[in-house]
Amino acid sequence: MNMNDKQMLYILQHMIENPYMGVLYIDTSCQVILVNQTFADILEVNRESLIGKHVNEVIPRSRLPYTILNGETNLCELCCVNHKEMVSMRVPIYNDGEIVGAMAKTLFLDMGAAQIMVQHMTSLLDSTPVQKHGKYYGKYTLNDIVGNSQNIVRIKSLCARVANNISNVLIIGESGTGKELFAHAIHNSGYRRNKPFVRINCACIPENLLESELFGYEEGSFTGARKGGKIGKIELAYGGTIFLDEIGELPLMMQAKLLSFLQEREFERIGGNELIQSDVRVIAATNTNLAEAIAQGNFREDLYYRLNVVSILLPPLKNRLEDIEILVNHFIGKLNQKLGTVIEGVDEESFSLLKSYDWPGNIRELENLIERAINLASLDGQKIIQAQYFPTLQPGGFLNRPLKLSLNQAIEDLEYHMIRETLKKNNYNKAATARSLDIHPSVLYRKLKKYEVI
Ligand SMILES: Nc1ncnc2c1ncn2[C@@H]1O[C@H](COP(=O)(O)OP(=O)(O)OP(=O)(O)O)[C@@H](O)[C@H]1O
Ligand SMILES: [Mg+2]
């Protein structure tokens, strides 16, 4: 059925003029452009008198200006309007990737109704299996992924669209671009959200243990096998998602086994003779160039096509510098809570410094630098982070050590330097870096964490 503009307008008007929810819309100068009668009733003022006023004149403590300022979104927040407690949401409105306004909408006009909903949800969640999965659950949602750049907005909407199907997903991106975050978010956006989310890092597990980690084994199937056997990660993820991280490092022998599993959706435990059916969604991630690995004979082309049904290419941070500001503010808020600090922001000079850096460690590196800067600025009693608190971004800047080093500090500096340089030479591929440095990938991971390199 086709609708003409008039019918459409009529429906929209009636959707907005709804006695069960208050709606208020502001433009980029925070002036009220549209408000429905319900909202005016909450405020106990004449509706027309609200138009053109600054939102904080109407609702003194409204955070809607932050939605205009940096896209801050809150899908469920407690607020107090005209001495009335209620639950509302606020979201930015975009046009061509730019914020053009912001909308506030009430979800519950009174706390009684909200409480009934909370009770209902609590009993529902209590009966869902999510709590039984221990550490195996999706930790992030699409709301945790910050960024307004066109690419990120487009990728988030793609994730929401594919969340409910079973197609395999391949997430490609440099280290620290958020591959893990997106994998969790896809899982949590679909009907599998209450089932396990199980991650396996293909680069960190020794080749001879990978098969049993993935598929499990029966009792007595090899020397050292655990009594009673062991369930593999694929079985553990039943009904949910298995996240195959660093898939480019999967040894060829295991690639063949994984391919056969993906084709048949069934497998056998090592030493077992029973075919186990599996209902699991596969999300794989890589920061290596798989096309190159295929050309060199290190990655099976057929497996690549099997995995790459939905392909998500995460841009490096240097290609979306417009997100720096919103990311910095997001991390300051998050880290203030974690560290108990009261930093309010960064100054203009810092922003230009942050925007002129090439971010090899991407968002993880940004988060680490902000954490260090918050600590340094707080020690000096500052509330605004100045450029001097980003010593590693200053020309010639590094760990900012005092000149007189202990032997241990000198060794650490050398190790830090070598790891950074080798990473750079290997295009931030951690497995190749570990090989170049002649250390096991898990040792490299530990050191990367220690030095907060990426
Ligand atoms: N868009 C984003 N918004 C907020 N935080 C982000 C975003 N992207 C990444 N992060 C943060 O950056 C850090 C790195 O993200 P993540 O672990 O998902 O990266 P990755 O691509 O898996 O990196 P690696 O290849 O090194 O494993 C995490 O702390 C994550 O919370
Ligand atoms: Mg990762």
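In listed order, ligands and their atoms are each counted from 1.
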Open item on the list: Glu246 versus ligand 1: do any nitrogen or oxygen atoms come within less than 3.5 Å of each other?
Closed with: no
Task: Parallel, tilted or perpendicular: rings of Phe261 and Phe215 (30°, 60°) - done: perpendicular
Open item on the list: Considering both backbone and side-chain atoms of Glu180, is one of its nitrogen or oxygen atoms within less than 3.5 Å of a nitrogen or oxygen in ligand 1?
Closed with: yes
Task: Partner of Phe331 by side-chain contact (heavy atoms from CB on, under 4.5 Å), out of Ile374, Val146, Ile363 - done: Ile363
- [ ] Just jot down the ligand 1 atoms closer than 4.0 angstrom to any heavy atom of Asn287, in number order.
- [x] 25 (O)
Open item on the list: Any nitrogen or oxygen of Gly176 lying under 3.5 Å from a nitrogen or oxygen in ligand 1? Just yes or no.
Closed with: yes
- [ ] Take every heavy atom of Ile152, measure it against each atom of ligand 1, and state whether any distance is under 4.0 Å.
- [x] no
TODO: For Arg154 and Asn151, test the side chains for any donor-to-acceptor distance below 3.5 angstrom and give the result as yes or no.
DONE: yes
- [ ] Test Glu211 against Met254 for side chain to side chain contact (heavy atoms under 4.5 Å, CB included), laying out the working first.
- [x] CA-CA 7 Å; Glu211 185 174 0; Met254 279 307 297; 3.7 Å; yes
Task: Atom indices of ligand 1 within 4.0 angstrom of Leu181 heavy atoms, with elements - done: 2 (C), 5 (N), 6 (C), 7 (C), 8 (N), 9 (C), 10 (N), 18 (O), 31 (O)
Open item on the list: Contact between ligand 1 and Asp144 is defined here as a heavy atom of the residue under 4.0 Å from a ligand atom; is it met?
Closed with: yes
TODO: Compute the minimum heavy-atom distance from Gly173 to ligand 1 and say whether it is under 4.0 Å.
DONE: no
Task: Residues Tyr389 and Asp380: side-chain donor-acceptor under 3.5 angstrom - done: yes
Task: Note: Asp279-Arg192 ion pair, threshold 4.0 Å (strictly below) - done: yes
Open item on the list: Would you say Ser350 and Asp347 are linked by a side-chain donor-acceptor pair, where the criterion is simply a distance under 3.5 Å?
Closed with: yes
TODO: Check whether any side-chain N or O of His187 sits under 3.5 Å from a backbone N or O of Lys195 as a donor-acceptor pair, and report yes or no.
DONE: yes
Task: Check: Tyr304 main-chain N/O paired with Asn308 side-chain donor or acceptor under 3.5 Å - done: no
Task: Asp245, any N or O under 3.5 Å of ligand 1 N or O - done: no
Task: Atoms of ligand 1 close to Lys430 [distance to a heavy atom under 4.0 angstrom, numbered from 1] - done: 24 (P), 25 (O), 26 (O), 27 (O)
Open item on the list: Any carboxylate oxygen within less than 4.0 angstrom of a Lys/Arg side-chain nitrogen, looking at Glu207 and Lys257?
Closed with: no
Open item on the list: Quick check: Ile145 and ligand 1, any N/O pair under 3.5 Å apart?
Closed with: no
Open item on the list: When you compare ligand 1 with Glu367, is there at least one nitrogen or oxygen pair between them that comes in under 3.5 angstrom?
Closed with: yes
Task: Contact (N/O only, under 3.5 Å) between Tyr140 and ligand 1 - done: no
TODO: Would you please determine whether Glu174 falls within less than 4.0 Å of ligand 1 on a heavy-atom basis?
DONE: yes
- [ ] Select the closest option to atom 16 (P) of ligand 1 among Gly178, Ala203, Ser175, Gly361, judged by heavy-atom distance.
- [x] Gly178
Open item on the list: When you compare the side chains of Asn362 and Thr177, does any donor N or O come within less than 3.5 Å of an acceptor on the partner?
Closed with: no
Open item on the list: So if I count the atoms of ligand 1 from 1 in the order they appear, which ones are less than 4.0 Å from some heavy atom of Leu327?
Closed with: 3 (N)
Task: Phe331 near ligand 1 by a heavy-atom separation under 4.0 Å - done: yes
